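Everything on this sheet refers to the single structure shown next.
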Amino acid sequence: MSLALLILLPFGSSLLLGMLYLFTSLRSERLYALIGVGAPLLISLIALWLGYGQLQGAESLHVSLFTWLSIDALRIEFALSFDHLSAVMMAFVSVIGTLIHLFAVGYMRGDAGFGKFFAYFNFFMGAMALLVLADNPIILFIGWELVGLASYLLIGFYHRESANVTAANKAFIANRVGDFGFIMALVLLFGAVGEGGFSFSAIEAQIYSVDHALLSLIGVLLFVGAMGKSAQIPLYVWLPDAMAGPTPVSALIHAATMVTAGVYMVARFDFLYVLIPAVGLFIAVIGILSALLSALIATMQSDIKKILAYSTMSQLGYMFVAVGLGAYGAGIFHVFTHAFFKALLFMGVGAVIIALHHEQNIFKMGGLRRFMPLVFYPMLIATLALSGVAPFAGFFSKDAILAAAVASEYPLFGVLGLVVAFLTAYYMMRLLLLVFVAPAKHRHTSLHVSPYLSLPLLPLALGSAVAGFWGMGGAYGGGDALTHFLSLSDYAHHLTHKSEYLLALLSNLIAFAGFALAYRRFASGAREPQPTALFERWILERFYVDALYHALLVVPLRRISLWCERIVDDRFVDGTLGLFSGGYRTLATHFSTLQNGNVRHYALYFLSGVSLLSLLLLWRL
Amino acid sequence: MSESIIFYVLALFLIGGASGMITARRTIFSAASFMLAMIALAGMFALLNQSFLFLAQLLVAVGAIITLSMLVIVSVNISERYIPKEPHLGRDLLLGVVIAAPIVALIITALRTHFAASFAPIPDTFGTLASIGATLFASWVLPFELISLLLLAALIGAVVISRKGERS
Amino acid sequence: MSTAALIVTLGSVVLAALLALMMIPVLVWLERRIAGLIQDRVGPNRTNIMGFRLGGVIQSFADVIKLVFKEEYYPGHIQTGRALYILAPAITFSAALLAFMTIPFADTLHVSGEALRIQALPVDYGILWYLAIGALGIIGVLFGGWLSHNKYALLGTQRAGSMGLSYELPLGLAVVSMLLTYNTIDFNAMVAWQTQTVLGFLPAWGVVVQPLAFILFSVALFAETNRAPFNVVEGESEIVSGHMTEFSAMKFALYFMGEYIAMNSAAAVIITMFFGGYQLPYLSSAELIESFGTFSLALMVITPLIIYAFIRWMRRNNDVRSTLSHDGGRRFEARVLTIVLLIKLVVLELIFAYFAFAQPSALQTQIAVAVVQIAVFIVKLMLFNIFFIVVRWTLPRFRFDQVQRLGWYYLLPLGLLNIFITAIVIVGVGS
Amino acid sequence: MSPLHFLLLGTLLFGIGLVGVIARRNLFVVYMSIELMLSAVNLLLATFSRIRGDEGGAVLSLLLIAVIAAEAAIFLAMIIALFRAKRSIDAHDFTQLSQEHNA
């Protein structure tokens, strides 16, 4: 029952908020905030309580609400389950979600769509809960689609500007491409194993009977879905644009929760992916390429939110490397820690943006440390965590991934991971320095930060600092508690403690190298970069991927569409139809002279008919 | 015998009035002819021993409806120049007769060939107010009530339709 | 059809025609004289035939002759529809005349098992006939006014039409409440019902039983007959003469006479429905027949007194008091009339004596009672006509919108209320 | 004078009303023609009632008179409204049912 409550509470409050917003003239922000924050708070309490139960070794919960579809062999239960993986996901999603809701109360203050925003936000929480708690791929898919919808609604929240609507459309369409893959995978999977039940446990039980080639295809297609949702090459283009939404949206959806759905889904299907390591390798390659590419782009960006967006994509790349190489525990671990510091970073950035009246260019900021220490220090912690500096949370999770990569058959991933770590440290420090430390470029003398905006940062800062200890590897005295708790089908890698220490040292050194480079270049302020080298221009133009997509997909499609419109539609389709319709029109023109609107004439026609009938009858009589 | 004479005289008035109504070019003469026909029709009712119908016809058809029609002509002041000219009236009437003739002929043929009846013997009270009233409220109460509803609807409808202004 | 029936019917028709038509000059005379009285002047009293003025009634006959012999003139702008234009006043006139035809003048005679109604139209649906035919009068007004092609006529016609419609409703509602009371549509039965008494001493006349209905009915009839204070249709000071503006000579006279007949009919219907009709109060027909001897004796005593008083009044007023008048005819007229009245007195006394002391047959008594009732009817009729006239010359005319408002806002709801109350009372009494 | 005479007369009246509806453009005449057709039916009803000696027909006829009155009220109100709208009572001026005149 409490599981159903996890779903119903956010959806119910979303409905309530929507009704209040649409049908009443109530515009009390206090009320909307109370309902909007109350629901996530409640579900995070429930989730924590349930998660604590799981931690104490309780049985995983299953609840089947009703049979949703029952068509011959296709029998889909609307069922929810709460196992260890769900518990971890649910716990941090709800807690971080609650904090971001709280943050949003401050961020959205005074906005005309305050009530609408919280209706959407709670709707998103419900969808995310559905996704995480789903007991079968179909329900998961519903949640998957609903978070997509929520994301679409929230990106286009300021729908009066067409750019925002375009961004929302872009996100929606890019996600549809991924969803197409996902749905194909589900169809194939169902064709293969559907008759024996379609819940995750049932699929797991039958998975060995499936043909290997088919399984590979399913794995790839599932990953295509994950690409869309988690912004991996080549479907990542929507994520930077999605920053058009309000900053809490970016924090909640495009950093902490929704984008990790792909990782979660792959981890959920771990039993499938362990059977097809080739596909896993493919995932890892895509992941590391995404990480590298986006980290490179992030170093040259000047929009503060886009830097974070690319950073998110880069970290997601890490996670995919982990799950691709079979280190599911490490992947989820990184998801977990990343949620804390990335949410924190976005919220800090949101506070900065609000303080500077929606200025987003880092080169126009500076010197903010003096004005907002409560923002700066949490962000500093988050930056250190993101850069993998020991002993902050990011260090442990990233280290787990790097260790897995180094210990795997393909240590190249480890090397590239270190490169990415260097880049990460560089661009994060660049951001931090330009915003907080470098001389001010603006004329604000006093900047006020609402406690709603700064207070939620503190628990997250704490989380960023200490969350890593839960999954601390054996080398550092921990016991991989998280990995064991998740009990996914991890591939076991063996790395000696010494090599682990070496790796940790290396990665810390690299991070500090990145810091140092950034400090040297940006500590005393800098102008917006004017790219000179070819490579720099490439990076600034984001490797021309958008242009490439445009040239490869959009232009040919448009050409074909135009051709269809001009030739096929006009000549063939319309021509045939025109023949008919022209004939009708000619007939109709002639008949319409009869239909002259004069009722007496209609009576005349009618009576003429009666008259003729009468004549006929008279003649027959 | 005298009844026959009365019938034919009334029939003459009835047909004459009706024909005059549809042929007259001026509305007022149509109305006058129509009144004549309606009065003659009332006479027909009297001839059929329907004394109450006779009165109802006089009261409603002649007294109320003709007056109302005339009042509309007068009070809306639909004078000569608003009355349609109808240049081909003769031709139109001929067309109408051509169309209506088979229908009428059919009914008449049917009546003549398949209908043979005579008047049934009736009590003295036939058609009087008391008798009709008894029948009306004994076995026709529902239609009676429905008609009252119809009249109410017509009343409201007439008020709404003819109201000035507000409608664009 | 028996001889008696034929005689009675013919007699009734003649009587009705006389009462309707011969009443017109009398009413015109009365109108003028009463107007004069109210306006503190004499009124027409000069016209005479060999000195006979009959108080001025001769003036009315002179008017009739003038109207009959007046040149028939058609306004030049009335080109088409002249037949209907001429017919229109006739419609009004005949409708008014026909409406009068179902008024009973005396109680039903019972001759050799045959019930003979003393009605010009011996039917039992009197009030419906009156409503049906009375409403036709307006059609003549509408036709005539419309065909006059005249602004004033058009305005008058509009007013006439809307007045006719608005006041038909309270009229009908008042009639409905009376029908509920009397439980009949037959005038005779209504009169018979009114011979009862209420509260032990009051005659159960309609006016006593249903005072509100009486007020509604008579106000509505005032409006229907275009009498002041509701004569907005003519409204001389506003629209010349309404629908009659373009009519002259006999065509005008028909409208004119039609109005008086309508007034007369209205008075007749009012007394039939509300004032006991031809009945004497406290004396139903049966009682009258039974005690006709006593009744005659009483009349024998009263008649000479009345005639004596009348002669004294006449001689005093018909004398030449002013030196300005050299009209010796007046004294002559008074002398002749005195002789006529005395002869009449003797004849009446003889007749009364016959009924008082001889043993008249049942038929004779019945006829005598009928004659008495006719006389009573005429007296009541005259009184009510005078009431109509007095009202006309006493009250100012309403404005047209006021008339309409009165009809729709006050009379109509009152009529409905009255029906409601009547129905409740009848159900209450009946159960 | 048999019942047939009345019936034939009623039929004839109906036919005349029909002709009036078809041939005339004057809305008033059209309206009166419709009334005439209803009245013709009324005559038939009264006749049948008399033939059968059944007063049901007369009652029906009475109700029909009420319907005629209702029809008159509505039709006249419509004529007033139409006349106000277009200053015309020519049926040919009221062709709103056809699309091209709507524009």
Side-chain angles (χ1 to χ4, degrees), chain B residues 3-4 7 11 14-15 18-19 21-22 27 30 34 37 41 44-45 48-50 53 56-57 60-61 64-65 68-69 72 76 78 82-84 86 92-93 95-97 99-100 103-104 107-108 111 117-122 127 131-132 135-136 140 143 147 150-151 154-155 157-158 161-162, chain D residues 1-9 11-20 22-26 28-29 31-33 35-36 39 43 46-47 49-53 55-56 58-59 61-63 65-74 76-81 83-84 87-90 92:
Chain B
E3 282 193 351
S4 271
F7 174 81
L14 199 44
I15 305 268
S19 314
M21 182 197 82
I22 64 165
T27 314
S30 284
F34 186 54
L41 187 63
M44 284 291 174
F45 287 145
L48 285 165
N49 294 52
Q50 308 278 17
L53 274 187
Q57 173 77 9
V60 179
I65 293 178
L68 204 60
S69 315
V72 167
V76 185
I78 305 174
Y82 297 126
I83 291 175
E86 302 189 74
D92 287 353
L93 281 172
L95 176 72
V97 170
I99 287 179
I103 303 173
V104 174
I107 301 175
I108 288 180
L111 283 173
S118 54
F119 289 129
I122 45 159
S131 174
I132 296 262
T135 314
L136 181 60
W140 294 82
I147 285 288
L150 176 77
L151 279 174
L155 175 74
I161 291 171
S162 59
Chain D
M1 187 189 56
S2 73
L4 198 57
H5 286 84
F6 286 98
L7 300 179
L8 296 185
L9 184 66
T11 312
L12 211 55
L13 277 185
F14 187 82
I16 293 174
L18 216 54
V19 173
I22 297 172
R24 294 302 300 259
R25 283 161 58 176
N26 187 333
F28 258 106
V29 180
Y31 147 69
M32 286 189 283
S33 299
E35 300 267 292
L36 186 69
S39 297
L43 178 61
T47 312
S49 157
R50 177 70 179 78
I51 290 170
R52 293 169 49 85
E55 279 177 342
V59 169
S61 178
L62 191 65
L63 299 182
I65 288 178
V67 173
I68 292 175
E71 189 241 342
I74 292 296
L76 289 171
M78 278 171 65
I79 288 179
I80 290 178
F83 183 72
R84 279 207 194 113
R87 308 304 285 172
S88 161
I89 55 166
D90 189 345
H92 280 195

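Keep in mind that what you see is a predicted model, and the values were worked out from it rather than measured. In what follows, chains carry the letters A, B, and so on, assigned in the order in which the sequence lines appear, proteins first and then strands, with residues in each chain numbered from 1.
Listed here is the closest heavy atom pair of D:Glu35 and B:Phe34: CB-CZ, 3.5 Å. Minimum interatomic distance between D:Val19 and B:Ala100 (heavy atoms only, all atoms of both residues): CG2-CB, 3.6 Å. Among all heavy-atom pairs drawn from B:Phe7 and D:His5, the shortest one is CZ-CB, 3.5 Å. Taking both residues in full, the closest heavy atoms of B:Leu151 and D:Ala70 are given as CD2-CB, 3.9 Å, listed atom of the first, atom of the second, then distance. The minimum heavy-atom distance linking D:Leu43 with B:Phe45 is given by the pair CA-CE2, 4.0 Å.
Note on B:Ser69, B:Gly157, B:Ala37: by heavy-atom pairs under 4.5 Å with chain D, the leading option is B:Ser69. Per-residue counts of heavy-atom pairs under 4.5 Å with chain B were compared for D:Ala46, D:Gly17, D:Ala66, D:Ala73; the largest is that of D:Ala46. Of the listed residues (B:Gln57, B:Met44, B:Met21), the greatest number of heavy-atom pairs within a distance under 4.5 Å of chain D belongs to B:Met21. When the candidates B:Ile15, B:Leu95, B:Ile103 are compared by the number of heavy-atom contacts under 4.5 Å with chain D, B:Ile15 comes out ahead. Comparing B:Ile108, B:Val60, B:Ile65 by how many heavy-atom pairs each has under 4.5 Å with chain D, the most go to B:Ile65. For the set D:Ile79, D:Ile51, D:Leu8, D:Val67, the count of heavy-atom pairs under 4.5 angstrom toward chain B peaks at D:Ile51. Of the listed residues B:Ser131, B:Ala11, B:Ala64, the one with more heavy-atom pairs under 4.5 angstrom with chain D than any other is B:Ser131. Interface check for chain B: of the options D:Gly15, D:Gly56, D:Ala72, the most heavy-atom pairs under 4.5 Å are formed by D:Gly56.
The contact between B:Leu48 and chain D is made by backbone and side chain atoms together, counting heavy-atom distances below 4.5 Å. Contacts of D:Leu4 with chain B are made by side-chain atoms alone, with heavy-atom separations under 4.5 Å and no backbone atom involved. Contact of B:Ile147 with chain D is made through the side chain alone, with heavy-atom distances under 4.5 Å. Interface residue D:Phe83: only side-chain heavy atoms are found under 4.5 Å from chain B. Looking at B:Leu136, the atoms closer than 4.5 Å to chain D (heavy atoms on both sides) sit in the backbone and in the side chain alike. D:Ile65 touches chain B through backbone and side chain together, each having a heavy atom under 4.5 Å away. The contact between B:Ala18 and chain D is made by backbone and side chain atoms together, counting heavy-atom distances below 4.5 Å. Interface residue D:Arg87: backbone and side-chain heavy atoms are both found under 4.5 Å from chain B.
Expressed to the nearest 0.5 Å, how far CG of D:Leu62 lies from CD1 of B:Ile132 amounts to 7.0 Å. In this structure, OG1 in B:Thr27 is found 4.0 Å from CG in D:Asn26, a value given to the nearest 0.5 Å. B:Leu41 CG to D:Ser39 OG: the interatomic distance, rounded to the nearest 0.5 Å, is 5.5 Å. Between the CG atom in D:Leu76 and the CG atom in B:Leu68 there is a gap of 5.0 Å [rounded to 0.5 Å]. Between the CH2 atom of B:Trp140 and the CG atom of D:Leu63 there is a distance of 7.0 Å, given to the nearest 0.5 Å. Rounding to the nearest 0.5 Å places CD1 of D:Ile16 at 6.0 Å from CD1 of B:Ile22.
In this structure a side-chain-to-backbone donor-acceptor pair under 3.5 Å is missing from D:Arg24 to B:Asp92.
Defined by atom type and a distance below 3.5 Å, a donor-acceptor pair is missing between the side-chain atoms of B:Gln50 and D:Ser61.
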message = Evaluate D:Phe14 against B:Val104 for side chain to side chain contact (heavy atoms under 4.5 Å, CB included), listing each step before the verdict.
response = CA-CA 8 Å; D:Phe14 187 82; B:Val104 174; 5.7 Å; no
